[in-house]
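None of these values were measured; they are calculated from a predicted model.
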Amino acid sequence: TVKLPSGSVLQIVSEVDNTGLSLTSSGTAKFMDVALTTKVANSTINVRFYTALYKEDTGTGNKDTDVSLGLGFKTGSATSSSGDYTAITTYAPSRENITFSGSVGRAFYSSDAFYAGGSFSGRYHPIDTIYNEESFSPSLAAGTTIRIAVFVNQDYNLSTNIKFGAASSGSGDSGCSSSLNIMEIAQ
């Protein structure tokens, strides 16, 4: 067998989403999920994620719309519950976060109370672009299938839809390609 130097990229698995996800009520949803089967034991996993965040609301003034995003992983098959995934994200904001396995609240992005400035603010133009990159070492055997997922959350008290990757009319006239890229790296 050949031993690769530490830091060598063993494989890259990517997913691109051009549809987007809309949250129309309070709650947590899985946005993207990628499977990777490890090539070697005890490798490091590097995760890169990108999307744009839109708000569908033509009203003006302050809106109590709260949003968070977090990364988690699990072995075996995919599920829809963030509680089945172990948090990759280490940031632990106290208000807006995703609940992962062990009731751990984590987020790599957390925002409270968006402002709506005009009739089309946040509707056709993103209110934020989100990029995150994290690495972790889950101590897995070679040949283990691992799922890495991005979970999103909205908590609101007024009629506001938060959209990830797609603007209010879907992604036909405005939006972005969201991407989740996973690299396995030799230790």
Side-chain angles (χ1 to χ4, degrees), residues 15-34 46-74 80-136 148-171 173-182:
E15 180 176 312
V16 172
D17 178 279
N18 291 319
T19 304
L21 174 70
S22 179
L23 293 181
T24 59
S25 62
S26 293
T28 299
K30 183 167 58 172
F31 179 31
M32 296 179 76
D33 189 314
V34 172
N46 182 272
V47 182
R48 291 180 180 162
F49 172 73
Y50 173 81
T51 196
L53 177 66
Y54 295 84
K55 180 174 66 67
E56 183 179 24
D57 184 350
T58 57
T60 60
N62 293 321
K63 303 288 182 177
D64 189 13
T65 305
D66 310 324
V67 176
S68 61
L69 294 92
L71 286 167
F73 79 95
K74 72 183 293 289
S80 61
S81 173
S82 62
D84 295 337
Y85 289 71
T86 300
I88 296 170
T89 302
T90 58
Y91 174 47
S94 59
R95 289 193 62 163
E96 306 309 324
N97 57 54
I98 307 294
T99 303
F100 287 100
S101 176
S103 298
V104 176
R106 298 286 186 267
F108 62 78
Y109 178 93
S110 178
S111 182
D112 184 40
F114 284 117
Y115 170 76
S119 63
F120 291 106
S121 288
R123 193 166 174 171
Y124 297 110
H125 300 285
I127 55 176
D128 215 345
T129 53
I130 299 168
Y131 175 82
N132 187 58
E133 183 170 356
E134 298 188 47
S135 293
F136 68 108
I148 299 177
V150 179
F151 288 91
V152 296
N153 178 285
Q154 170 180 276
D155 177 22
Y156 80 124
N157 84 14
L158 296 171
S159 182
T160 299
N161 297 333
I162 294 294
K163 298 186 175 269
F164 302 88
S168 70
S169 58
S171 47
D173 64 354
S174 57
C176 79
S177 287
S178 301
S179 61
L180 180 58
N181 301 298
I182 316 297

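Evaluation of the side chain to side chain contact (heavy atoms under 4.5 Å, CB included) rule for Ser80 yields no partner, not counting sequence neighbours. Every residue meeting the side chain to side chain contact (heavy atoms under 4.5 Å, CB included) condition with Asp33, not counting sequence neighbours, appears here in chain and number order: Lys30, Ala78, Tyr85, Arg147, Ala149. The ring-ring contact (aromatic ring centres under 6.0 Å, His included) test applied to Phe136 returns Phe73, not counting sequence neighbours. When the side chain to side chain donor-acceptor pair (under 3.5 Å) test is applied to Ser82, no partner is found at least two apart in sequence or on another chain. Ser22 pairs by the side chain to side chain donor-acceptor pair (under 3.5 Å) definition with Lys163, not counting sequence neighbours. Partners of Asn153 under the side chain to side chain donor-acceptor pair (under 3.5 Å) rule, at least two apart in sequence or in another chain, are Thr28. Applying the side chain to side chain donor-acceptor pair (under 3.5 Å) test to Ser101 and every residue at least two apart in sequence or in another chain returns nothing. Qualifying side chain to side chain contact (heavy atoms under 4.5 Å, CB included) partners for Ser81, counting only residues two or more places apart in sequence or in other chains: Asp84. In this structure Arg48 satisfies the side chain to side chain contact (heavy atoms under 4.5 Å, CB included) test together with Asn46, Tyr131, Glu133, Asn181, Met183, sequence neighbours excluded.
Side-chain contact, Glu134 with Thr89: a donor N or O sits under 3.5 Å from an acceptor N or O.
For the residue pair Cys176 and Tyr50, the shortest heavy atom distance occurs at SG-CE2, 4.1 Å. Of all heavy-atom pairs spanning Gly70 and Phe100, the tightest one is C-CZ, 3.8 Å. Arg106 and Pro93 get closest at one heavy-atom pair: C-CD, 4.5 Å. The heavy-atom pair separating Phe164 from Phe31 by the smallest distance is O-CZ, 3.7 Å. The two residues Thr19 and Asp17 come nearest to each other via the heavy atoms N-OD1, 3.1 Å. Nearest heavy atom pair, residue Ala29 against residue Leu21, reads CB-CD2, 4.1 Å.
To the nearest 0.5 Å, atom CG of residue Asp155 and atom OG of residue Ser26 are 4.5 Å apart. Separation of atoms OG1 (Thr51) and CG (Leu53) is listed at 8.0 Å; rounding is to 0.5 Å. Interatomic distance, CG of Leu69 versus OG of Ser110, reported as 9.5 Å (0.5 Å rounding). Taken to the nearest 0.5 Å, the CG atom of Leu71 stands 8.0 Å off from the CD1 atom of Ile148. The line from CZ of Arg95 to CG of Asp112 is 4.0 Å long, rounded to the nearest 0.5 Å.
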Apply the test side-chain hydrogen bond (donor to acceptor under 3.5 Å, both in side chains) to residues Asp128 and Tyr109: give CA-CA distance (whole Å), side-chain angles for both, the deciding distance (0.1 Å), then the verdict.
CA-CA 11 Å; Asp128 215 345; Tyr109 178 93; 2.6 Å; yes
Apply side chain to side chain contact (heavy atoms under 4.5 Å, CB included) to residues Phe108 and Ile130 and explain how you reach the verdict.
CA-CA 9 Å; Phe108 62 78; Ile130 299 168; 3.7 Å; yes
Apply side chain to side chain contact (heavy atoms under 4.5 Å, CB included) to the pair Val16 and Asn18, showing each step before the final yes or no.
CA-CA 7 Å; Val16 172; Asn18 291 319; 3.9 Å; yes
Could you walk me through whether Phe49 and Met32 satisfy the side chain to side chain contact (heavy atoms under 4.5 Å, CB included) test, starting with their C-alpha distance in whole Å, then the side-chain angles of each, then the deciding distance to 0.1 Å, before giving a yes or no?
CA-CA 10 Å; Phe49 172 73; Met32 296 179 76; 3.8 Å; yes
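Among pairs with a residue in residues 18-28, none fulfils salt bridge (charged side-chain N to carboxylate O under 4.0 Å, His left out), at least two apart in sequence or across chains.
At least one donor-acceptor pair under 3.5 Å links the side chain of Gln154 to the backbone N or O of Ile162.
With a 4.5 Å cut-off on side-chain heavy atoms, Thr99 and Val104 do not count as touching.
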